[in-house]
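Reviewing the structure listed below.
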Amino acid sequence: MKVAVVGATGMVGNVMLKVLEERNFPLTELIPVASERSVGNKIEFAGKEYEVVGLETAVSMKPEIALFSAGGDTSLEWAPKFAAAGTTVIDNSSAWRMNPENKLVIPEINADLLSAEDKIIANPNCSTIQLLMALKPLHDAYRIKRVVVSTYQSITGTGVKAVKQLENEYAGAQGEMAYPYPIHRNALPHCDVFQDNGYTKEEMKLTNETKKILGDDSVNVTATAIRIPVVGGHSESVNIEFERDFDEVEVRQLLNDFPGIKVQDNPGVNTYPMPIYAEGKDDVFVGRIRRDHSQPNSLNMWIVADNLRKGAATNAVQIAEYLIENKLV
Ligand code: 2RA
């Protein structure tokens, strides 16, 4: 099994390599792919040294699977070229997510949609993945009418430039800005670009991707995405209105029983999810679960996950594992 990682030298690409190694992914050859300026660099993987190659070379090597995290433009141009060569692409960019021909997959939720004909599979946005992991078991039990979500997003979602900006601001040093304002001691209500409807692209991803993954356009989502000076993961404050009433004990049970979710919820002893705890883990942590007494059939909760792992790299690797286990590649 030859596996390419496109964007291997980037923040998510590096985590993809780490997760592939941690999970003993059944590959016989790794093909690390990056931009021309990185071609020829060496990387260490599973005790062996590999040389970074360019996109043309990688396509010609005909990997069975290519994990992409190299931006939407690269995905739009190169995913079809890999697919035409017989490669199954799992893409972490937003390029293919809302295309009706392409599956948008969180393995615990809808991997059963996948077939051998799917040659470009979309990995959802990080904040969508952790939200949907918690929504799915509750939607199946009580049917969701509306979700109001505020996200508190790690600067690692922006990338290396943002991490460097925060380090510079901590040190009182000048440097390149990833954001229009300082992020140290600040909160930016500005993740990705603003659209004509007043929402940012990041906020509309939560609305649109939720509908696609649940397969239900009647589920309404309104989101506010905030960038905060945190590195361990994304946090989300979520208010859900259901069609039907719910039992709080059953809600906790449904969440705890859902694969990939850990309920961390005992405020009396200061137990609740936090990015400093979630960092480096693959679970989605849910806490502060409580009925919203301001309106019927409504619930509040707090969701935290490592946005580079379950929010990106691990979810993509899990899709690849599913494809192999079910002989779809
Ligand atoms: C962010 N989810 O956090 C976006 C892209 N990684 O900026």
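Numbering of ligands and ligand atoms starts at 1, following listing order. In what follows, every heavy atom counts, from backbone to side chain, and hydrogens, waters and symmetry copies are set aside.
Inclusion of Cys126 in the set of residues having an N or O under 3.5 Å from an N or O of ligand 1 is not warranted.
Within a 6.0 Å radius of CZ in Arg37, other residues, nucleotides and ligands contribute 12 heavy atoms or fewer.
In the vicinity of Glu202, heavy-atom distances shorter than 4.0 Å reach the ligand 1 atoms 1 (C), 2 (N), 3 (O), 4 (C). Heavy-atom contacts of Gly157 reach the following atoms of ligand 1: 1 (C), 3 (O), 5 (C), 6 (N), 7 (O) (cutoff under 4.0 Å). For ligand 1, the atoms lying closer than 4.0 Å to a non-hydrogen atom of His234 are 3 (O).
Note on ligand 1: Asn125 sits in its first shell, one or more heavy atoms being nearer than 4.0 Å.
A distance of 5.0 Å separates OG1 of Thr210 from CG of Leu131, quoted to the nearest 0.5 Å.
In this view, Trp302 and Tyr152 satisfy the ring-ring contact (aromatic ring centres under 6.0 Å, His included) rule, not counting sequence neighbours.
Screening Asn92, Asp91, Val6 against Ser75 for a side chain to side chain contact (heavy atoms under 4.5 Å, CB included) leaves a single residue, Asp91.
Within the 4.0 Å heavy-atom criterion, neither part of Lys205 lies near ligand 1.
By heavy-atom distance, the residue among Gln153, Arg227, Lys201 lying nearest atom 7 (O) of ligand 1 is Arg227.
Defined by atom type and a distance below 3.5 Å, a donor-acceptor pair is missing between the side-chain atoms of Thr200 and Glu202.
Through direct or indirect side-chain contacts shorter than 4.5 Å among Ile, Leu, Val, Met, Phe, Trp and Tyr, Met204 is connected to Tyr199.
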